[in-house]
Amino acid sequence: MSQTLFINATIATSAGKSGYGLRENAALLVDGDRIDWIGDMGERPAAGDAEVIDCARRLLTPGLIDCHTHLVYGGDRADEFEQRLEGASYAEIAARGGGIASTVKATRSASETELFDAALPRVKALMDEGVTTIEIKSGYGLDSDNEIKMLRVAARLGETLGLRLQKTFLGAHALAPEFAGRADDYVTLVCDQMLPRAQAEGLVDAVDVFIESIAFSRDQGERVLARAQELGLPLKAHVEQLSNLGGAVMATQRGALSVDHLEYLDAADVVRLADSGSVAVLLPGAFYVLRETQLPPIDALREQGVPMALASDANPGSSPVHSLLLIMNMACTLFRLTPAEALRGVTINAARALGMQREIGSLETGKLADIVLWQVERPAMLSYRIGINPCVAIMQGGCWRSRGGLS
Ligand code: DI6
Ligand code: FE
């Protein structure tokens, strides 16, 4: 089994309860696909047969994790972007049959190959900036065959690109057009047919729902999550994005891995989240693109010790964003997260939001060796600059995925 010894590194481990988990003048040994040792330069193990990488004080971090995306879809929504600039709101566009519904049409009429080819450059853009794990949701098919088609494309992206890929079933993302006026019947179809079928095909790692005035009620969302629980699947939920329907509290009471968006979450609800173990996934790309002004209750989340993750929410409508570094900057600038919170948000807390924190998300002995070397010496640089990609090399599970920046 091959070994790699990183020396003279500054390491933001994301270990510990808060902060960067910073180690300076440090070394790290990878053995096979795992981290075997991490510590001070003076105490490093002998190199032996290991390949030695001199980091020259540059920064190592865990591989970045994008824990909430909608990267597989047909078409685009540039026209809707123009309509919003002329004054139409996201909810108005949805109400007149645009928005998610227009992407559903384009996704249904695309073949698996077309969806794969369209998603490839989006996924690659994320990967180029050090992303080693991506979650992709279904939710633009809204019938069994088309939801399964989306999840197959997601699986194929992971296999083809050598990524860790989590597939989330989001059949309750919007009401399928055939079910107009019959949302409860659609939810029954999701629970009784779509979800069990997708699970039987091995395509579901978690189940998500969109609880919102333009999507499903809290009770309808709860039916889907209850069914997912019966099937033994982890839960996630899009909640409190445009209004407060009480979805976050319901989902956390059911033990959801994460509750996502949260702009309209009350500070009082945060207290109920605090001991639930659910992660608050913040999506500043959607906040920015929709020119939202209602901020998620960041201070309350911080005070109550709710783990905060960040994700791109990459989707054709509310967040056509394919850069986690930009998301980190937005989280600091728009939400006032610290750069350390931003880095934890795309590493250890994103791992938690996927239920993968025992394997990835921090650089600690025994974890998988998903490691990024950056052309910076201080971790705040990752959140601070916009439009420069300082990624030098990426190791995924102990193998180099890209090392073009290493001489
Ligand atoms: N909230 C979002 O931000 C995305 N889905 C959701 O439930 C938007 C999806 C879209 O506009 O296509
Ligand atoms: Fe989303």
Side-chain angles (χ1 to χ4, degrees), residues 66-81 83-84 88-108 115 118-119 122 134-142 147 150 154 166-177 206-218 220-221 224 236-243 245 247-248 251 256-265 279-292 294 296 309-322 327 330 350 353-354:
D66 196 348
C67 67
H68 177 145
T69 85
H70 309 251
L71 277 164
V72 172
Y73 56 84
D76 67 72
R77 306 242 289 277
D79 54 343
E80 191 181 298
F81 174 63
Q83 289 164 28
R84 283 204 311 274
S89 76
Y90 183 70
E92 281 161 10
I93 292 167
R96 60 167 106 112
I100 294 174
S102 74
T103 299
V104 170
K105 217 185 222 170
T107 303
R108 284 179 171 183
L115 291 176
R122 302 174 197 137
I134 300 184
E135 183 256 22
I136 298 182
K137 301 174 194 298
S138 67
Y140 293 119
L142 308 186
E147 288 291 297
M150 288 185 71
Q166 288 293 107
K167 302 173 296 301
T168 299
F169 174 83
L170 177 56
H173 188 201
L175 185 58
V207 175
D208 197 344
V209 289
F210 187 20
I211 296 173
E212 190 51 71
S213 50
I214 60 168
F216 297 95
S217 69
R218 194 192 54 174
Q220 288 162 345
V224 176
K236 305 173 82 66
H238 282 68
V239 287
E240 278 56 283
Q241 180 187 7
L242 308 170
S243 62
L245 298 186
L257 286 175
S258 73
V259 286
D260 303 35
H261 279 293
L262 304 177
E263 279 84 343
Y264 286 81
L265 185 70
V279 175
V281 177
L282 306 173
L283 305 167
F287 178 93
Y288 167 81
V289 169
L290 299 181
R291 303 175 76 226
E292 180 59 67
Q294 172 79 33
L310 298 173
S312 69
D313 195 17
N315 75 69
S318 64
S319 191
V321 177
H322 307 88
I327 290 292
M330 286 180 179
L354 297 176

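Order of listing sets the numbers, starting from 1, for every ligand and every atom in it.
Side-chain contact annotation: Gln83 with Arg96, donor-acceptor N/O pair under 3.5 Å present. Donor-acceptor pairing under 3.5 Å is recorded for the side chains of Asp66 and Ser312. Neither side chain, Gln241 nor Tyr90, offers a donor N or O lying under 3.5 Å from an acceptor on the other. Judged purely by distance below 3.5 Å, without hydrogens or angles, the side chains of Thr69 and Glu135 never pair a donor atom with an acceptor atom.
Coordination check, His238 versus the Fe ion (ligand 2): passed, since an N/O/S atom of the residue sits under 2.8 Å. At a cut-off of 2.8 Å, Asp260 does not coordinate the Fe ion (ligand 2) through any N, O or S atom.
Heavy atoms of Thr103 stay at 4.0 angstrom or farther from ligand 1.
The proximity of His261 to ligand 1, defined as any non-hydrogen pair under 4.0 Å, is limited to the side chain. By the criterion of a heavy-atom distance under 4.0 Å, neither the backbone nor the side chain of Tyr73 is placed next to ligand 1. Within the 4.0 Å heavy-atom criterion, the part of Asp313 lying near ligand 1 is the side chain and not the backbone.
Distance check: Met150 CE to Leu115 CG gives 7.5 Å after rounding to the nearest 0.5 Å. Separating the CE atom in Met330 from the OG atom in Ser319 is a distance of 7.0 Å, to the nearest 0.5 Å.
Scanning all protein heavy atoms for the shortest distance to atom 1 (N) of ligand 1 gives Gln241 OE1, 3.1 Å. Distance from atom 9 (C) of ligand 1 to its nearest protein heavy atom, with residue and atom name: Tyr140 OH, 3.3 Å. If you check which protein heavy atom lies closest to atom 11 (O) of ligand 1, you get Tyr90 OH, 2.5 Å. For atom 5 (N) of ligand 1, the closest non-hydrogen atom of the protein is His173 NE2, 2.8 Å.
Applying the 4.0 Å criterion to heavy atoms of Arg77 picks out, from ligand 1, the atoms 10 (C), 11 (O), 12 (O). Near Ser318, meaning under 4.0 Å from one of its heavy atoms, ligand 1 places the atoms 2 (C), 3 (O), 4 (C), 8 (C), 11 (O). Taking every non-hydrogen atom of His70 and a distance limit under 4.0 Å, the qualifying atoms of ligand 1 come out as 4 (C), 5 (N).
Taking the N/O/S atoms of Asp313 in turn, the shortest distance to the Fe ion (ligand 2) belongs to OD1.
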Derivation and outcome, side chain to side chain contact (heavy atoms under 4.5 Å, CB included), residues Ser318 and Asp313: CA-CA 8 Å; Ser318 64; Asp313 195 17; 3.8 Å; yes
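Of the candidates His68, His70, His238, His238 is the only one forming a ring pair (Phe, Tyr, Trp, His ring centres under 6.0 Å) with Phe210.
Within the cation-pi definition used here (under 6.0 Å to the ring centroid, within 45° of the axis), Arg108 does not qualify as a partner of Tyr140.
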